[in-house]
Amino acid sequence: MKNLISKILLGSTVLLAACGNPQKANTTQGEPNDAKNQSETISAQDGLSQEAADKTVMFTDFTIKQEDGTEVSLSDYVGKGKYVLVDFWASWCAPCLAEVPNLKSVYEKYKGDNFEILGVAVWDKTKDTKKAIEEHKIPWPQILNAQKIPTDLYGIQGIPHIILFGPDGEIIKRDLRGEAIPKIVEQLVK
């Protein structure tokens, strides 16, 4: 199956724009910040780097407290017997919003017993995320206000960053964009 996935993705390499972490962009030299901790977290997560695409790497869970006081975890969706496409995004990120029609098309075609999409709002204000969800009529579940927790954990430097997880929670492919998304989902979700 991994050879099939590799063949699909090799044929669809496209240069696409991404948005960087605004919290890192505002850091100036000499300011106290947690950049040292961020780089340590990222380097400590070598198993979750881009090079891990050819290795069997399971998801790493995180839990985010929502506005209403409930807690939502990645494990509420991933590792439950479905393929799950997780979209790390923000309302202010134009490339993130440009992926919405593509994700909607995949969601409408494949959602069900074998497939789900989950949005994880990072580096964003909850009210702005909710407004974007409403304006763009995004129908899939969301984890709001995740900020930098998942991006640090998964070593994500820019968004959108879309990861496909297998039914058992294995990371199948990272940094999916554009036409690569429907191609890989079509091959795996039958």
Side-chain angles (χ1 to χ4, degrees), residues 15-45 48-50 59-80 84-108 111 116-165 171 173-178 181:
L15 179 61
L16 299 169
C19 297
N21 183 344
Q23 295 166 352
K24 289 183 182 180
N26 293 331
T27 302
T28 58
Q29 192 172 18
E31 272 186 13
N33 63 59
D34 61 345
K36 180 178 183 278
N37 292 337
Q38 290 173 352
S39 67
E40 287 173 1
T41 301
I42 292 165
S43 64
Q45 297 294 329
L48 296 176
S49 66
Q50 292 294 327
F59 80 100
T60 300
D61 202 18
F62 57 85
T63 300
I64 307 296
K65 191 172 205 166
Q66 301 299 280
E67 261 187 345
D68 64 3
T70 61
E71 292 186 342
V72 182
S73 299
L74 183 62
S75 61
D76 292 341
Y77 298 91
V78 173
K80 303 281 188 194
V84 181
L85 198 61
V86 179
D87 177 23
F88 298 90
W89 73 289
S91 66
W92 50 264
C93 170
C96 297
L97 298 176
E99 286 292 340
V100 170
N102 185 32
L103 292 171
K104 274 187 186 178
S105 174
V106 170
Y107 185 72
E108 290 168 5
K111 72 177 176 180
E116 180 66 87
I117 294 180
L118 173 66
V120 179
V122 297
W123 312 333
D124 206 359
K125 295 176 183 169
T126 303
K127 68 177 179 136
D128 295 339
T129 304
K130 287 180 174 181
K131 182 178 177 185
I133 291 167
E134 185 177 317
E135 285 177 2
H136 296 277
K137 297 177 176 42
I138 299 173
W140 48 88
Q142 299 284 326
I143 296 177
L144 304 178
N145 200 31
Q147 299 310 331
K148 66 179 191 160
I149 294 168
T151 56
D152 283 356
L153 185 63
Y154 282 88
I156 296 169
Q157 300 294 310
I159 54 174
H161 192 94
I162 301 170
I163 302 176
L164 179 62
F165 294 92
I171 296 173
K173 184 66 182 160
R174 293 177 57 122
D175 207 18
L176 285 164
R177 300 279 297 277
I181 296 169

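Here the structure is a predicted model, which is why all the values come from computation and not from measurement. One is the number of the first residue; the rest follow in order along the sequence.
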Return the set of residues passing side chain to side chain contact (heavy atoms under 4.5 Å, CB included) with [X] (not counting sequence neighbours), or none when no residue passes.
| X | value |
| --- | --- |
| Glu135 | Lys131 |
| Glu108 | Lys104 |
| Ser75 | Phe59, Asp61, Ser73 |

Please report the shortest heavy-atom distance between [X] and [Y], naming the atom on each side.
| X | Y | answer |
| --- | --- | --- |
| Tyr77 | Pro141 | OH-CB, 3.6 Å |
| Ile159 | Cys93 | O-SG, 3.5 Å |
| Pro160 | Asp175 | O-OD1, 4.0 Å |
| Ile138 | Ala132 | CD1-O, 4.3 Å |
| Ile117 | Leu103 | CD1-O, 3.5 Å |

Determine whether a donor-acceptor pair (N or O, by modelled atom type, separation under 3.5 Å) exists between the side chain of [X] and the backbone of [Y].
| X | Y | result |
| --- | --- | --- |
| Trp92 | Asp128 | no |
| Asn145 | Thr126 | no |
| Glu99 | Arg177 | no |
| Gln147 | Asp124 | yes |

Any [X] side-chain heavy atom under 4.5 Å of [Y] side chain:
| X | Y | value |
| --- | --- | --- |
| Glu67 | Leu144 | no |
| Arg174 | Ile156 | yes |
| Trp89 | Val120 | no |
| Ile162 | Lys173 | no |

For the atom pair [atom1] ([X]) and [atom2] ([Y]), what is the distance rounded to the nearest 0.5 Å?
| X | Y | atom1 | atom2 | answer |
| --- | --- | --- | --- | --- |
| Ile133 | Ser91 | CD1 | OG | 9.0 Å |
| Leu118 | Asp76 | CG | CG | 9.0 Å |
| Ile181 | Leu85 | CD1 | CG | 5.5 Å |

For Val86 and Tyr154, what are the C-alpha separation, side-chain angles and deciding distance, and is it a side chain to side chain contact (heavy atoms under 4.5 Å, CB included)? CA-CA 12 Å; Val86 179; Tyr154 282 88; over 6 Å; no
With a 4.0 Å cut-off on N to O distance, would you call Lys80 and Glu116 a salt bridge? no
Parallel, tilted or perpendicular: ring planes of Phe88 versus Phe62, cut at 30 and 60 degrees: tilted
